[in-house]
2 protein chains.
Amino acid sequence: MGYNMDWITQVAERLRATGGRMTTQRRLILETLAQCTDHPTAEEIYQRARQRAPDLNLSTVYRTLRWLEDLGVVGTQRFEGERPQERFDPAVSAQPEHHHFRCRLCNTIIEFPAPLLEVLKQDFITHYGGTIESASLIFYGLCESCLQKVETYGPLSFNPNAITGPHERPSHSTGRAS
Amino acid sequence: MGYNMDWITQVAERLRATGGRMTTQRRLILETLAQCTDHPTAEEIYQRARQRAPDLNLSTVYRTLRWLEDLGVVGTQRFEGERPQERFDPAVSAQPEHHHFRCRLCNTIIEFPAPLLEVLKQDFITHYGGTIESASLIFYGLCESCLQKVETYGPLSFNPNAITGPHERPSHSTGRAS
DNA sequence: TTATATGCAAACCATTTGCAGATCT
DNA sequence: AGATCTGCAAATGGTTTGCATATAA
């Protein structure tokens, strides 16, 4: 390996500086995060990391992620239209203020900068006073590629990465159905 | 009563138009929602409504809220820094595109319009293509009133409406603490 | 009369936590 | 050695669901 080694080293330093210890599991989770190009759930991180250390435990993953969150190394967000679990974003450390677009069909997430948001914040403060410390902006829609497909093939159900299961609320049945 | 009767009647019509029935419980929940000036959780709606009908059940509240959500009558959002439960927003029907500011201290939520967001959407599409169907924008910070208090009395812990309990993650202990 | 809704209790799932044993320094 | 972690299992809390009964149309 050697990918992003600087990043891991930096995190390890911050860790030690706050009285923490670098363990095998933490290094593994960090390496797993460093390889992410997406926004995985805790479970996904767990599955990926576990391939290299089968006795890794999910609660260790959670604890490590919370610790990284406190350190400002990962961000978290929840997206609509899927199970209400958290997704973790290893990109915050590199680009503190970025926002998210999520494709309704293929679930791809695009990160984008939004410098214009500052104007919106200022607008808000002008009207309502107070201060703004952070902002979350999420766009939902169709990514370019899915848009093309829909335009070509029509709006059929095309959802390769759909996460299925409870909490999806397909039709919240209210009792005996017809 | 008589407050917002139009609104309830309108919802009832939409309901019947889709093969649903207007029941005592649904009317009660609608009336409770009509009186909301905040963004209550399902549990809060349940507690308020239950004062008039003690045998109302929480699952009925959930089912009714989901149905209203599908009808576009209530919106839902989750805010950071509190238990990860949904909050319901009866104001969507009146102002389809509004956004939220949440005060970190008193938890007040301010709804605001953001017409400038259209520019941001256009910006995004210019860079990445695709389409945007909806957007969620949340500002976190201090409302004017809390800002004043902090400026006057200093940044002590002032949190009258704080929701306390698990899921708050005060310090995610990783084992025996010092 | 009969499809639809309710209450209840149980299930579900994401996340957290207590504790005994393992590990870093 | 001694504080800090990990794995495990159990608890927690929000939300959903199956089913028998009640109710609106």
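Residue numbers start from 1 in every chain, and the chains themselves are labelled A, B, ... in the order their sequence lines are given, proteins ahead of strands. Keep in mind that this is a model prediction, so the values were computed, not measured.
Protein atom CD of B:E82 is 12 Å distant from nucleotide atom C1' of D:dG14, rounded to whole Å. Between the CG atom of B:L15 and the P atom of C:dA5 there is a distance of 8 Å, given to the nearest Å. Atom CZ in B:R26 sits about 13 Å away from atom C1' in D:dA25, given to the nearest Å. When the P atom of C:dA9 is taken as reference, atom CG of B:D55 falls 13 Å away, rounded to whole Å. Residue B:E80 contributes atom CD, which lies 14 Å from atom P of C:dT15 at whole-angstrom precision. At whole-Å resolution of the value, CZ in B:R78 and P in D:dG13 are 16 Å apart. Between the P atom of D:dA24 and the CZ atom of B:R27 lies a distance of 9 Å, rounded to the nearest Å. Between the CG atom of A:L58 and the C1' atom of C:dA14 there is a distance of 9 Å, given to the nearest Å.
Residue A:T60 places none of its side-chain N or O atoms closer than 4.0 Å to OP1 or OP2 of D:dC5. Taking only side-chain nitrogens and oxygens, B:Y62 comes nearer than 4.0 Å to OP1 or OP2 of D:dT15. Dashed line: the shortest gap from a side-chain N or O of B:N57 to OP1 or OP2 of C:dT6 is not under 4.0 Å. At C:dG7, one or more side-chain N or O atoms of B:Q25 fall inside 4.0 Å of OP1 or OP2 (strictly under the cut-off). Phosphate proximity of C:dC24 to A:T24: present, with a side-chain N or O under 4.0 Å from OP1 or OP2.
Of the listed nucleotides (C:dG7, C:dT15, D:dG7), C:dT15 has the atom at the smallest distance from the side chain of A:Q85. Which of C:dT25, D:dG14, C:dC13 sits closest to the side chain of A:R83 comes down to C:dC13. With D:dT16, D:dT6, D:dA24 as the candidates, the nucleotide lying closest to the side chain of B:R66 is D:dT16.
Using bins of under 30°, 30° to 60° and over 60° for the plane-to-plane angle, the ring pair A:F79/A:Y140 lands in the perpendicular bin.
Cluster membership check: A:L142 does not share its hydrophobic cluster with A:I110, using side-chain heavy-atom separations under 4.5 Å among Ile, Leu, Val, Met, Phe, Trp and Tyr.
With the nearest nucleotide of DNA chain C identified for both A:S59 and B:G20, B:G20 has the one nearer the 5' end. The residue among B:T41 and A:T23 whose nearest nucleotide of DNA chain D is located toward the 5' end is A:T23.
In this structure, A:F124 has its ring center under 6.0 Å from that of B:F101.
Applying the 3.5 Å distance criterion, the base of C:dA5 shares no donor-acceptor pair with the side chain of B:R63. Applying the 3.5 Å distance criterion, the base of D:dA3 shares a donor-acceptor pair with the side chain of A:R21.
A donor-acceptor pair shorter than 3.5 Å cannot be found between the side chains of A:E118 and A:Q122.
Here A:E43 lies out of heavy-atom contact (under 4.0 Å) with every strand.
We find that A:R102 and A:E80 are not joined by a salt bridge, their nearest charged nitrogen and carboxylate oxygen being 4.0 Å or further apart. Salt bridge annotation for A:R78-B:E86: absent, with no cationic side-chain nitrogen under 4.0 angstrom from a carboxylate oxygen.
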